[in-house]
Each structure stands twice: as C-alpha cells, then as structure tokens.
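Here is the structure we will look at.
Not measured: the values here are computed from a predicted model.
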Amino acid sequence: MPFAIRSLSAGDQLGVNEYRYLLLPPAGGTVGTFRHAVAAAGGAEVWGVEYPGRGDRLDAPSPASVEQLAEQVTGELLRRKAAWVRQTVVVGFSMGGFVAVELAQRLRTRCGPAPAAVVVIGTPAPHRRVPGRPAPAGEKDLLEVLTGEGFVPGLGNRASFEVWAYAVELLRRDVGLTRAYRGPADVAVRCPLAALCGDRDPVATEDATEAWRTWTTGPFLAATVPGGHLGLLAPGRGAELWTWLRRIERELVAAGVRDA
C-alpha cells in the first residue's frame, strides 16, 4: 500500500537554511491540490501527505477521525531518520492545520524529533472553535469551494460527473471529520509556529492568526494575506505562498535554532 508521505517535486534542494516542506491538504484535498504551489517552488524540496481513501490510496480505509489521520502520519514520520523530521517545515491548510498540530504533539509525547516549524493556513486556533461547526455544506457552497479558491482547485468545472461526485464526497466526508474533531490536547508544540489567514476568509482573522500564539513554546508569527479561504493555493498565487514560507524559514526557524 502506498505511503501517505511522498515527494511532490523533482527538486531536491533544501531551503535557504537547509529545510524541506511537508504539505498537508485541506478538507476534500489530495496532493493534487498543491500542483500550483509545487510548480512555483523554485527547486525547493517539497513533500506532501495523501490522506487514505483518495488518490493512489483509494483502497485504504478512510480515517474515522482527525486524530486517527494524524496518528497514521506520525507513525510514518517516526520511521524516518530524526534529522529528516527536524529539517522539515510542516504546512497544514485548513483541516490540515489541525493534523499538523496533532502530529507535532504526538512526536513530542513519544520523545520523537520536533519538526523545524508548524505553519497553519486558514485554520482557527483550537480554543476559538466550537465542535460541530462549520455547518454542513450545501451543494451551492460546495460549488463555490470547488471552483474558486477552495479545497480541490480545478475540479469544480463538472466536465466529468464522476470527478465532480468524487470531489464532493471527499469534501463532505472531511468536513464531517472536522465538525466532529474535539481539538488537540491543551499542550503547546515545541517548535516555531506561524499562522496565516486570508483577509476575506470566513474564519475570523484573529481566530486564525493571533489566537495561535499560545500554542507554541517557540517563535511565533501571525499575518493576514489577500484573498479568501485557501487563496494561496489558487492559480497564480504560488510565488506569494513561497515568499511567505521562505520568510517563515528565515525568521522563525532560524530564530528557533538560535534559541535551542
């Protein structure tokens, strides 16, 4: 069975301070969600996580919870060399942000290596969300998400009924996981943390930026970016995404190394 963690780019160049990037998809997403981001990576070493029940992992049982999903990814990270994990910036988009924090906490409780940093994009801080929200998405909402700046960019054109139905089912399933998610343990991660949110994101800006400050014992950065939910994954926004990630690498990750 294919592993969840896989290389997404032909580039093998670590970043300016010798770090790679591991991208975790949002609800309804696959590693294909990152194709525009990978194309703009400029030779950086980019990896992604393919959740079970989609892509080439279609035969793998779908996760029953966000926690179970994080447990699976954590298990794969623990089988890698500690230096590989320490040199990796984990970037979670929307639901992927919860998975990123969960796996960082699990690595800590198992005395594993901490990632170089955790970046959450379009994700409300756990203590600012209410389990059971967001409300179930309707067909109209799903159409806007799938065709706009949303979870499965480019799949919402209905050119293929099968593709459309597949994308909608993935999104509904993952939104269900997110609504049922109770949140991570009230324990700060032991690595730098950055929180980004679109200035037109339905998620309250402060909830998805400054509210994350208490969730790390290391350096912290919060910022808003132009656009709506997950706008940084939209076509033409890849360079902007990498500008932010490289700034985080220079300012936060380097600071975390100095403070260690």
Side-chain angles (χ1 to χ4, degrees), residues 1-10 20-38 45-81 84-85 88-107 109-110 112-113 115 118-123 131 134 136-137 142 145-146 150-156 160-184 230 233:
M1 183 179 297
F3 289 111
I5 299 173
R6 73 276 309 279
S7 176
L8 298 184
S9 63
R20 68 178 57 79
Y21 301 88
L22 177 63
L23 310 184
L24 283 75
T30 69
V31 291
T33 306
F34 301 127
R35 62 187 180 280
H36 300 300
V38 172
E45 185 177 339
V46 186
W47 293 65
V49 172
E50 188 75 284
Y51 300 151
R54 65 202 71 193
D56 64 0
R57 305 190 71 212
L58 196 59
D59 292 336
S62 297
S65 64
V66 170
E67 293 90 341
Q68 184 183 86
L69 181 56
E71 182 68 22
Q72 294 174 5
V73 180
T74 302
E76 288 195 22
L77 287 174
L78 288 171
R79 290 193 289 271
R80 290 183 174 270
K81 293 182 178 179
W84 195 96
V85 179
T88 300
V89 177
V90 180
V91 186
F93 295 82
S94 195
M95 183 184 80
F98 295 134
V99 179
V101 172
E102 286 276 352
L103 69 84
Q105 290 184 337
R106 281 168 163 72
L107 288 169
T109 59
R110 297 181 189 180
V118 168
V119 182
V120 294
I121 301 178
T123 310
L142 292 172
V145 167
L146 293 173
F151 302 102
V152 191
L155 291 185
S160 165
F161 174 80
E162 291 79 10
V163 170
W164 170 259
Y166 168 73
V168 168
E169 179 56 30
L170 283 184
L171 180 55
R172 285 197 174 117
R173 187 188 309 160
D174 288 351
V175 167
L177 294 183
T178 304
R179 294 182 68 229
Y181 178 51
R182 293 178 297 176
L230 303 180
L233 291 179

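Relative ring orientation between Trp47 and Trp84 is described as perpendicular, the plane-to-plane angle rising above 60° on a 0-90° scale split at 30° and 60°.
Between the Glu102 side chain and the Ala70 main chain, no donor and acceptor come within less than 3.5 Å of each other. No donor-acceptor distance shorter than 3.5 angstrom exists from the side chain of Glu76 to the backbone of Phe3, with no hydrogens or angles considered. Judged by distance alone, with hydrogens and angles left aside, the side-chain atoms of Arg110 form no donor-acceptor pair with the main-chain N or O of Leu107 at under 3.5 Å. The backbone N or O of Ala4 lies less than 3.5 Å from a partner atom in the side chain of Arg6, making a donor-acceptor pair. In this structure, the side chain of Ser7 engages the main chain of Ser9 through a donor-acceptor pair within 3.5 Å.
Within the 4.5 Å cutoff, no side-chain heavy atoms of Val91 are placed close to those of Leu22. When side chains are defined from C-beta on, Leu24 counts as touching Tyr51, because their heavy atoms get closer than 4.5 Å. Using a 4.5 Å cut-off on side-chain heavy atoms (C-beta onward), Arg80 and Ile5 make contact. Side-chain contact check for Gln72 versus Gln68: some heavy-atom pair is nearer than 4.5 Å. Inter-residue side-chain proximity for Val119 and Val90 is flagged as unmet; no heavy-atom pair is nearer than 4.5 Å. Contact check for Leu233 versus His36: no side-chain heavy atoms found under the 4.5 Å cut-off. In this structure, the side chains of Ser94 and Leu230 come closer than 4.5 Å at one or more pairs of heavy atoms. Looking only at side-chain heavy atoms (C-beta outward), Leu69 and Met95 come within less than 4.5 Å of each other.
In this structure, Val31 and Glu50 approach most closely via the heavy-atom pair N-OE1, 3.1 Å. Annotation for Pro26 and Thr33: closest pair CD-CG2, 4.3 Å, computed over non-hydrogen atoms. The heavy-atom pair separating Leu78 from Gly112 by the smallest distance is CD2-CA, 4.2 Å. When all heavy atoms of Thr123 and Gly97 are compared, the closest pair comes out as OG1-CA, 3.7 Å. Pro115 and Ala104 make their closest contact through CG-CB, 4.4 Å (heavy atoms, listed as atom of the first residue, atom of the second, distance). Across Val38 and Leu8, no two heavy atoms sit closer than the pair CG1-O, 3.4 Å.
Rounding to the nearest 0.5 Å places CG of Leu177 at 11.5 Å from CZ of Arg179.
Of the residues Arg54, Arg57, Arg173, the one that meets the side-chain contact (heavy atoms from CB on, under 4.5 Å) test with Ser62 is Arg173.
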